[in-house]
Number of protein chains: 2
Amino acid sequence: MPVPISEEQSRQDRAALLDAAEELFYARGIQAVGMDEVRTASGLPLKRIYRFFAAKEDLVVAVLRRRDERWRGALTAHVERVAEPGERVLALFDWLAGWFGQPGFRGCAWVNAHGELGSSSEAVLAEVRSHKRAFHDRIAVWTRAAGLPGPDGIVLLAEGAIVTAGITGDPAPAHRAREAAAVLLAAHRDGGGATAA
Amino acid sequence: MPVPISEEQSRQDRAALLDAAEELFYARGIQAVGMDEVRTASGLPLKRIYRFFAAKEDLVVAVLRRRDERWRGALTAHVERVAEPGERVLALFDWLAGWFGQPGFRGCAWVNAHGELGSSSEAVLAEVRSHKRAFHDRIAVWTRAAGLPGPDGIVLLAEGAIVTAGITGDPAPAHRAREAAAVLLAAHRDGGGATAA
DNA sequence: TAAGATAGGGAACGACCGTTCTCAACGTCA
DNA sequence: TGACGTTGAGAACGGTCGTTCCCTATCTTA
């Protein structure tokens with residue numbers, strides 16, 4: 001190829017690189033995937049990969065960040081199609097059920113990255129915490145509209161479902177979490193507020 | 001040292017090896033810790049380590065298995081000091097709060113191991129699933145006595161609390177999960193059973 | 001057409017991995 | 001006492017990691 005690379009081409013190559021790395025990292029773990037494998041899967045020369053990202057750690061962070069945008073975007077799009085606030089909270093768990101059923105589902109990419117690199121990479125740790133905070137804050141908007149005193153019960157049910165489905169390979173935890181969430185919603189619609197969640 | 005090694009000494013050395021490996025693996029991840037580091041921390045020659053466990057994978061499985069016994073034993077001992085069935089379920093979350101507050105707490109060792117090795121080691125995957133099944137089954141005994149229709153709501157709250165506290169470093173999720181669990185218990189004591197959890 | 005700049009392909013590098021092997025030192029028994 | 005067997009300490013091995021470098025091919029510009 002010639003002298004410079006077009007900006008459009010560069011954008012596509014960067015996306016292909018992130019696609020390849022994300023799929024490999026999620027399926028097999030981050031440390032288990034070497035840069036040579038990322039090169040083969042992306043079709044990009046190693047030199048260009050290292051021009052995009054100076055180190056593997058930077059690539060990992062970029063993968064997590066882009067996945068966060070896509071993941072939360074899809075979640076929000078699904079949930080906010082539902083109008084009634086209580087149903088909207090429950091729709092979160094329907095979306096999770098769909099995710100759990102996808103082939104290759106292997107739990108939460110951020111939880112996995114945290115377990116593997118959270119203690120050795122400050123940048124990865126920060127990215128994981130940022131994602132979890134954003135997830136929590138998004139749910140807080142929905143639970144507030146539904147009259148719940150706080151988002152935490154719903155958040156914990158969702159996190160528990162993700163982790164459990166990831167390990168067992170069974171999407172059922174999404175439905176169990178949805179049932180529990182319905183109880184929380186009903187309890188705060190009807191009567192009690194004493195032992196609130 | 002002399003010719004054979006006494007059985008008692010062997011037991012102690014094996015325990016020291018598992019102690020050292022568990023602490024290192026939990027703190028820094030499994031792949032990030034080399035066998036040389038396990039050797040230094042345990043004070044055992046590499047040769048003896050490989051006589052105990054033919055491969056690192058076997059050591060990892062043994063560490064997880066022994067941790068499972070100790071972890072579930074401590075949980076059960078704490079919880080079953082409480083007599084009233086509903087309070088007994090809630091005591092689970094008090095125990096979690098104590099665990100989360102310990103220095104070096106970094107989430108669930110089995111979830112972390114699953115994220116790192118679940119897709120590459122069949123033996124680790126089986127050990128992780130076995131632990132989660134045992135945890136689920138233990139909670140089922142307590143929730144049944146408390147009149148809940150199933151253990152899953154409580155299990156998911158507990159799993160969510162562990163994962164969230166591990167990432168944020170804040171023990172508060174244990175208290176939020178306890179509050180949500182109290183709502184689930186109250187809902188099934190008082191009235192509804194329609195949208196059960 | 002000739003000179004220059006930049007790209008791709010992949011070898012090369014140093015470090016470290018899990019695992020095996022060598023070897024001297026020591027205690028036991030004939 | 002002397003041959004034997006087992007140990008501890010760590011060097012060594014083959015492989016792989018993340019990262020860098022070399023070299024040729026290609027396109028642009030004069």
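Residue numbers start from 1 in every chain, and the chains themselves are labelled A, B, ... in the order their sequence lines are given, proteins ahead of strands.
- Take the nearest nucleotide of DNA chain C for Arg51(A) and for Leu46(A): the residue whose nucleotide is more 5' is Arg51(A).
- Comparing Lys47(A) and Gly34(A), the nucleotide of DNA chain D nearest to each residue sits closer to the 5' end for Gly34(A).
- One can place OH of Tyr50(A) at 13 Å from C1' of dC13(C), the figure rounded to the nearest angstrom.
- One atom, CD of Glu57(B), and another, C1' of dT19(C), lie 14 Å apart when rounded to the nearest Å.
- For the pair Arg66(B) and Asp19(B), the salt-bridge criterion is met [side-chain N within less than 4.0 Å of a carboxylate O].
- Distance Asp36(A) CG to dG15(D) P: 16 Å, rounded to the nearest Å.
- Put simply, CG on Leu24(A) is 12 Å from P on dC17(D), counting in whole angstrom units.
- At the heavy-atom level, Val33(A) lies under 4.0 Å from the strands shown only through sugar-phosphate atoms.
- No hydrogens or angles considered: nothing links the side chains of Trp110(A) and Glu127(A) as a donor-acceptor pair under 3.5 Å.
- Looking only at atom types and distance, the side chain of Ser121(A) has a donor-acceptor partner in the side chain of Glu57(A) under 3.5 Å away.
- In the model, His114(B) has no side-chain atom that pairs as donor or acceptor with a side-chain atom of Asn112(A) under 3.5 Å.
- Look at NZ on Lys56(A): it is 15 Å from P on dT16(D), rounded to the nearest Å.
- Taking atom CZ of Phe52(A) as the reference point, atom C1' of dG8(C) lies 14 Å away to the nearest angstrom.
- Atom C1' of nucleotide dG18(C) and atom CZ of Phe53(B) are separated by 16 Å, given to the nearest angstrom.
- In this structure, Arg39(B) atom CZ and dG10(D) atom C1' are separated by 6 Å, rounded to whole Å.
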